Structure formats: C-alpha cells, structure tokens
> 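The structure under discussion is supplied below as structure tokens; questions concerning it will follow.
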There are 2 protein chains.
Amino acid sequence: MATGRTHRPATRSRGIPEATVARLPLYLRALTALSERSVPTVSSEELAAAAGVNSAKLRKDFSYLGSYGTRGVGYDVEYLVYQISRELGLTQDWPVVIVGIGNLGAALANYGGFASRGFRVAALIDADPNMAGTPVAGMPVQHTDELEKIIADNGVSIGVISTPAGAAQQVCDRLVAAGVTSILNFAPTVLSVPDGVDVRKVDLSIELQILAFHEQRKAGEEAGAEAVVADAVAEAAAADVTAAGSAAEAAPTAARAENTDRKGPDGDVPAVMPA
Amino acid sequence: MATGRTHRPATRSRGIPEATVARLPLYLRALTALSERSVPTVSSEELAAAAGVNSAKLRKDFSYLGSYGTRGVGYDVEYLVYQISRELGLTQDWPVVIVGIGNLGAALANYGGFASRGFRVAALIDADPNMAGTPVAGMPVQHTDELEKIIADNGVSIGVISTPAGAAQQVCDRLVAAGVTSILNFAPTVLSVPDGVDVRKVDLSIELQILAFHEQRKAGEEAGAEAVVADAVAEAAAADVTAAGSAAEAAPTAARAENTDRKGPDGDVPAVMPA
DNA sequence: ACTTGTGAACAGGTTCACAGCA
DNA sequence: TGCTGTGAACCTGTTCACAAGT
C-alpha cells in the first residue's frame with residue numbers, strides 16, 4: 001500500500017488549519033440561510049449559535065481568512081458568503097462522478113446539496129450491465145466500461161465511490177488512473193492511493209458504533225457501578241463475537257448542541273489520509 | 001453567556017480519548033477481517049497498516065484499553081476483537097429506528113454494516129401516509145404517529161434522522177421526548193438537544209466541499225503561484241453572489257466524517273466517568 | 001531478537017481575555 | 001459602547017524513542 005508519509009509538506013504552512021476548513025461549510029450553510037432571509041449583517045455570537053460552534057472559535061476561524069468583519073458591528077452576510085465560497089473553491093464548477101449506483105449511490109445522485117454548492121453530477125456509473133440506461137435522478141446510468149472516457153470528456157477530478165467494499169479499491173485505481181485526484185469513499189474499506197490523491201471516507205456504521213460507546217457509558221453511569229462485567233466470559237466469547245465482514249470506516253464528527261444557552265459542538269478534524 | 005463559567009478542569013478521568021474511540025471501529029473492522037482468515041495473532045505494525053493508521057498511534061490507543069498484547073509477539077486477534085467490541089458496547093443489542101425513509105433512509109435500512117455490528121433496525125418511520133405499510137428492506141414502513149409507541153415498546157435509545165432538513169428538529173424533539181438519548185443526524189441542520197443527549201452528524205456536502213478546497217489548492221500549486229487571484233474581483237462580485245445556492249438543501253443525505261470529535265466546549269459532556 | 005507499552009517531546013486546536021477599532 | 005481580531009494559555013492528540021517484557 002502506498003506509504004506516502006508526506007502529510008503536510010511544511011512548505012504550505014501558510015494555509016488555513018484543517019479544523020477550520022472543515023468548519024467553513026458549516027458557516028456557509030448558516031450564512032446562506034441568513035442570506036435567504038435577507039439578513040444584512042450578523043455578529044460572531046449569532047452566527048456561531050446558528051452554526052453550532054462557539055463564537056471565539058468562529059472569530060478565530062475567520063481571522064485565518066482575513067479581516068472580513070467590522071468591529072462593533074459584525075460581519076456582512078453576503079460578503080462572507082462570497083469569501084467563504086471562494087476559499088472553498090465553490091465559485092467554480094466541480095463535475096463529479098458517482099460510481100456504484102445501489103441504494104446509497106441513488107440517494108447521493110438525488111441529493112440536492114450537490115448542485116446547490118457548485119457540484120455537478122457528471123455521470124452515474126455502475127458495473128451492472130442491466131442498470132445501463134436506467135434513469136436515476138433523471139440521468140441514465142452508464143456502464144463501468146465508459147469510466148475512463150467519461151472522466152476525460154468531463155474533466156472530472158472528484159469521484160464518489162459507493163460500491164460494495166470488494167469493488168472499491170479497483171474502482172479507485174481506475175478513477176485515479178483516469179485522472180481523478182479527490183475521492184469520497186463510502187465503501188467500508190481502506191483505500192490505497194498514490195501521493196497527491198486525497199481520500200475522505202465516510203462510514204455509516206462507524207458513527208453508530210461511536211454513539212453506542214457513549215450510550216453504553218451513560219447506562220453504566222446511571223447504574224452507578226462500573227463493573228465492566230465479563231472478564232471471565234471474555235475468553236469464551238471471543239471466538240465468535242463477530243461476523244460479517246463489512247463495516248466501518250473512519251470518520252469522526254460529532255456535534256452536540258444544547259438547548260439552553262451555550263453550547264458547543266465540537267471539533268472535527270479533517271483527515272484526508274495520505275495513503 | 002459566560003455566566004456560570006465553572007470550569008471543569010478536574011473532570012478528566014479514566015476515560016478513553018475521543019480520538020481513540022473514533023478509531024476503535026476501524027481496528028475492529030481490520031481485526032474482523034483477520035479473524036475471518038483465521039489469523040491468530042497480529043503485530044501493531046501489520047494491524048496498523050490494515051487499518052490505515054501508524055503503529056505508534058495504534059499501540060497508544062490500545063494502551064488505553066489495557067495491556068492486551070504480548071511483547072515480542074503481538075496481539076491475539078480474537079481476544080482483541082472481543083475486548084474492542086465490549087469497549088464499544090457492541091456485545092449488546094442496540095435497537096435503532098430510522099426516521100425519514102427517502103432515498104437515504106432506504107439506503108440505511110439496507111445497509112448491512114448495521115446488523116453485523118450489533119445494531120438492529122427496530123423500525124422504519126416516515127411521515128408520508130402513503131408509505132405506511134410499504135416494505136423497505138423487508139420491513140414495513142410505519143407512520144410517524146407510531147413513533148413514541150415504537151420507541152417505548154422496543155426500548156430504543158438510538159435514533160437515525162434522515163428526513164429533510166425542515167423536519168429534523170421536530171423529529172429530534174419527539175425522539176428525545178420519547179426517550180432516545182443518542183442521535184445520528186443526516187439532515188443538513190444543527191440540532192438542539194438537551195443535556196445528556198448525544199448527537200453526531202454526517203453531512204455529505206460538507207465532505208465534498210472539503211475535498212473541493214484541497215482540489216482547488218492542488219490546482220493552484222500546480223500553476224506555480226499562490227496568488228489567490230481574484231481579490232479585486234471579490235469586492236465587485238460580493239454584492240450578488242448570494243443567490244448562488246438558493247436551491248436550498250431539501251433532500252437529506254450526507255455524510256461526513258473525520259476524525260475525532262466530541263468533547264465539550266464548556267459544560268458539555270458530564271464527564272462520564274465511572275470511578 | 002522482537003514487539004509492546006509508555007514517558008516525554010511535539011504539534012495542532014481550542015479557549016481565554018483583552019487590546020483595538022468602528 | 002459593542003464587537004472583532006488575536007496573542008497567549010491551555011488542552012488534546014500525535015509522534016518519538018526507548019525501557020520493559022517475553
């Protein structure tokens with residue numbers, strides 16, 4: 001597997017912190033909502049509440065972009081929307097292909113959040129010949145054989161993989177070979193990619209497992225004790241605790257909000273793992 | 001705002017770091033694969049490679065769980081699978097309900113990764129009366145009216161929200177009122193929940209936006225300069241960039257993941273800590 | 001020999017608190 | 001007066017490197 005250890009080539013240190021980048025979409029969404037309500041300006045306190053973060057963090061984040069606010073007043077909504085969009089690269093058109101049109105792929109194809117954010121689904125690709133031509137989200141599914149041509153013809157640089165785990169690496173390799181340099185992976189598999197290619201993974205079951213961890217902890221707390229019971233049972237049960245082999249991937253994120261005053265959601269770290 | 005600023009410095013305790021918890025599912029998946037291949041033991045180096053992290057981090061993570069390895073040898077696969085499963089609370093059955101059976105909800109209902117990890121879909125709920133009774137993933141969709149009863153009858157404590165953004169908060173409130181204490185939110189909205197309830201969110205468009213950011217950066221780098229060009233244009237364009245994304249986010253779907261998270265800004269997590 | 005387990009250095013991110021400016 | 005912008009403290013997480021076992 002790729003061993004690209006070069007994570008962050010110091011050379012680019014002038015950049016915006018990853019944690020901040022990961023929050024920009026959040027701010028953008030909150031700002032877009034304000035914009036639609038024709039709100040002209042917003043304070044860091046208000047915007048932070050809408051985005052679910054605390055104001056100090058928000059101000060710090062914005063400070064990395066530049067000084068776009070006005071002391072004593074707040075931020076100009078429209079101006080900020082533009083600046084953040086530009087910073088994220090959303091002012092340009094990003095054609096993307098979705099490979100693997102199963103339940104999830106179809107859901108993604110129908111997701112409105114793409115188009116409204118500068119992303120354009122250039123093609124839906126699936127390995128099943130029977131699906132070819134079938135319309136999904138108003139667009140015909142194309143066969144995997146066309147993959148390279150589609151990517152070249154549309155200048156696609158971002159690919160979404162929603163195939164079964166077993167096909168993911170192969171699809172990934174073809175996407176990369178065809179020129180894709182950013183991949184959003186939904187398959188529960190660790191993908192190996194050459195240096196220079198970004199991969200972000202999303203795994204539905206991982207999120208649930210993390211919730212289960214905290215849920216379990218809540219229950220134990222309530223009970224008062226901690227007796228993590230089973231210790232003797234461990235050995236015995238160990239043999240078949242697991243089964244199926246598909247599952248999770250990595251991704252963290254969490255949010256937390258509170259009702260009554262303050263609150264802070266949390267931090268999230270991006271992780272684009274380098275091969 | 002900063003009223004009761006009672007810091008909670010001493011709150012730290014025997015807990016496992018959030019970042020570590022977020023990686024446990026990854027290790028578990030890799031271990032499960034090894035287990036299926038009947039591999040008896042594995043070194044931190046091998047397992048780390050399979051999980052996509054570096055070995056030092058993996059060993060550090062495991063050290064929080066206890067000393068489950070054998071120096072000079074490695075870790076016993078079966079034993080570790082059990083220990084991690086137990087730590088995550090996966091040795092028990094977690095009934096979950098999925099609210100909002102659109103494309104994404106259906107995809108989630110069909111997702112095999114749930115069942116194979118101790119999660120059981122107890123019910124599929126949707127507000128559309130026409131969907132009631134319709135089988136999805138082999139199970140009839142039930143109407144929202146039944147929500148409270150379903151949760152009570154099945155002892156559900158984890159809920160998944162895959163409704164449109166507009167309905168999310170309302171659904172969330174009902175889930176919480178009915179007893180749910182952990183929520184996985186796919187709707188592109190910030191949810192407010194009372195203390196003690198965990199919310200994790202997954203937003204697909206956010207992941208894509210983060211990829212776009214890095215993709216844009218790559219392009220610029222290639223071009224040689226860093227000149228974030230358009231600076232003068234900014235001012236001019238700012239005025240009406242606005243509408244760009246009015247389509248709004250209606251459909252739900254999304255995913256987002258990343259590294260770690262959760263933690264409390266202020267008085268958040270009551271600090272779980274079993275003595 | 002070989003690999004774990006971990007103190008300690010390091011890095012990055014968050015929060016504080018206040019100076020600076022409209 | 002009010003709110004932004006930010007240095008500095010603080011805290012969490014990562015990496016190093018080696019002592020401790022087997």
Side-chain angles (χ1 to χ4, degrees), chain A residues 5-8 10 12-13 15-24 41-49 52-76 79-80 250 252 254 256 262-274, chain B residues 1-2 5-13 15-24 41-49 52-76 79-80 258-269 271:
Chain A
R5 172 122 274 131
T6 327
H7 197 354
R8 188 137 295 274
R12 207 137 285 314
S13 57
I16 297 170
E18 271 305 304
T20 293
V21 171
R23 282 188 294 267
L24 292 182
T41 63
V42 63
S43 69
S44 62
E45 200 72 53
E46 299 168 320
L47 182 55
V53 303
N54 75 45
S55 64
K57 189 185 289 181
L58 178 145
R59 287 199 302 279
K60 186 63 130 185
D61 284 341
F62 286 178
S63 77
Y64 292 120
L65 307 183
S67 292
Y68 297 147
T70 304
R71 294 169 199 246
V73 179
Y75 301 91
D76 180 274
Y79 188 59
L80 248 194
R256 176 178 269 277
R262 98 160 61 305
K263 209 17 127 302
D266 57 285
D268 176 60
V269 182
V272 185
M273 63 186 314
Chain B
M1 34 181 90
R5 194 32 99 338
T6 328
H7 0 329
R8 67 187 50 264
T11 348
R12 170 152 4 311
S13 54
I16 296 171
E18 269 307 304
T20 294
V21 171
R23 281 188 294 267
L24 292 181
T41 62
V42 64
S43 70
S44 62
E45 201 70 55
E46 300 168 320
L47 183 54
V53 303
N54 75 43
S55 64
K57 189 185 289 183
L58 178 146
R59 287 200 301 280
K60 186 63 129 185
D61 283 342
F62 286 179
S63 77
Y64 292 120
L65 306 183
S67 292
Y68 296 148
T70 304
R71 294 172 201 245
V73 179
Y75 300 91
D76 179 272
Y79 188 59
L80 247 195
E258 202 39 353
N259 212 348
T260 312
D261 90 338
R262 174 226 212 37
K263 174 220 152 235
D266 270 336
D268 210 11
V269 185

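Predicted model only: the values in this text are computed from it and were never measured. Convention: sequence-line order gives letters A, B, ...; per-chain numbering from 1.
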> Looking only at side-chain N and O atoms, does A:S44 come under 4.0 Å of OP1 or OP2 in D:dT4?
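Yes, because at least one side-chain N or O of A:S44 sits under 4.0 Å from OP1 or OP2 of D:dT4.
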
> Expressed as a whole number of angstroms, how long is the span from B:Y79:OH to C:dT4:C1'?
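Whole-Å distance recorded here is 15 Å.
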
> Check every atom of C:dA22, D:dG21, C:dA17 against the side chain of A:R71 and return the nucleotide holding the closest atom.
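The closest nucleotide is C:dA22.
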
> Is there a side-chain contact between B:Y68 and B:Y79 (heavy atoms, below 4.5 Å)?
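Side-chain contact under 4.5 Å: yes.
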
> What is the separation between atom CG on A:L47 and atom P on D:dC3, rounded to the nearest whole Å?
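So the CG-P distance, A:L47 to D:dC3, works out to 14 Å.
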
> Within this structure, what is the OG-CZ distance for the pair A:S43 and A:R59, rounded to the nearest 0.5 Å?
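It is 9.5 Å, given to the nearest 0.5 Å.
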
> Base, sugar-phosphate alone, or nothing: which one does A:Y75 contact when heavy atoms must sit under 4.0 Å apart?
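Contact class for A:Y75: sugar-phosphate only.
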
> What's the NZ-C1' distance between B:K57 and C:dG7, to the nearest Å?
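Result: 19 Å.
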
> Quick one: B:L58 CG to C:dG5 P, roughly how many Å, whole number?
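Rounded to the whole Å, the gap is 10 Å.
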
> Write down the distance between OH (A:Y64) and P (D:dG7), rounded to a whole number of angstrom.
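A:Y64 atom OH is separated from D:dG7 atom P by 10 Å.
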
> Would you check if A:T41 and A:T70 make a side-chain contact, meaning some heavy-atom pair closer than 4.5 Å?
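No, side chains not in contact.
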
> Under the salt bridge (charged side-chain N to carboxylate O under 4.0 Å, His left out) definition, can you give me all pairs with a residue in residues 61-71 of chain B, not counting sequence neighbours?
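Pairs touching residues 61-71 of chain B that pass the test: B:R23-B:D61.
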
> When you match A:D61 and A:G72 each to their closest nucleotide on DNA chain C, which lands nearer the 5' end?
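So the residue in question is A:D61.
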
> Ignoring the backbone of A:A19, work out which of C:dT14, C:dG5, D:dT6 is nearest its side chain.
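Comparing C:dT14, C:dG5, D:dT6 against the side chain of A:A19, the answer is C:dT14.
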
> Expressed as a whole number of angstroms, how long is the span from A:E45:CD to C:dC16:P?
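Rounded to whole Å, this separation is 12 Å.
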
> Any side-chain N or O of B:K60 below 4.0 angstrom from OP1/OP2 of D:dG13?
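For B:K60, the contact criterion (side-chain N or O under 4.0 Å from OP1 or OP2 of D:dG13) is not met.
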
> Are OP1 or OP2 of C:dT14 and a side-chain N or O of A:R23 less than 4.0 angstrom apart?
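Affirmative; the distance criterion is met.
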
> Are B:N54 and D:dT14 close enough that a side-chain N or O sits under 4.0 Å from OP1 or OP2?
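Negative; the distance criterion is not met.
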
> Which of these nucleotides, C:dG5, C:dT14, C:dT3, is closest to any side-chain atom of B:S43?
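The closest nucleotide is C:dT3.
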
> How many angstroms lie between OG in A:S44 and CG in A:L47, if you round to the nearest 0.5 Å?
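If I round to the nearest 0.5 Å, the distance is 8.0 Å.
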
> Output the single nucleotide from D:dG13, C:dT4, C:dT14 whose closest atom is nearest the side chain of B:E18.
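For the B:E18 side chain, the nearest candidate turns out to be D:dG13.
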
> Are any of A:T70's side-chain N or O atoms less than 4.0 Å away from OP1 or OP2 of D:dT4?
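It does not, given that no N or O in the side chain of A:T70 lies less than 4.0 Å from OP1 or OP2 of D:dT4.
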
> Give the rounded distance in Å between these two atoms: CG of A:L65 and C1' of D:dG5.
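Distance check: A:L65 CG to D:dG5 C1' gives 13 Å.
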
> Taking the nucleotide of DNA chain D with the nearest heavy atom to each, does B:R59 or B:V73 sit closer to the 5' end?
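Taking each residue's closest nucleotide, the earlier one in sequence belongs to B:R59.
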
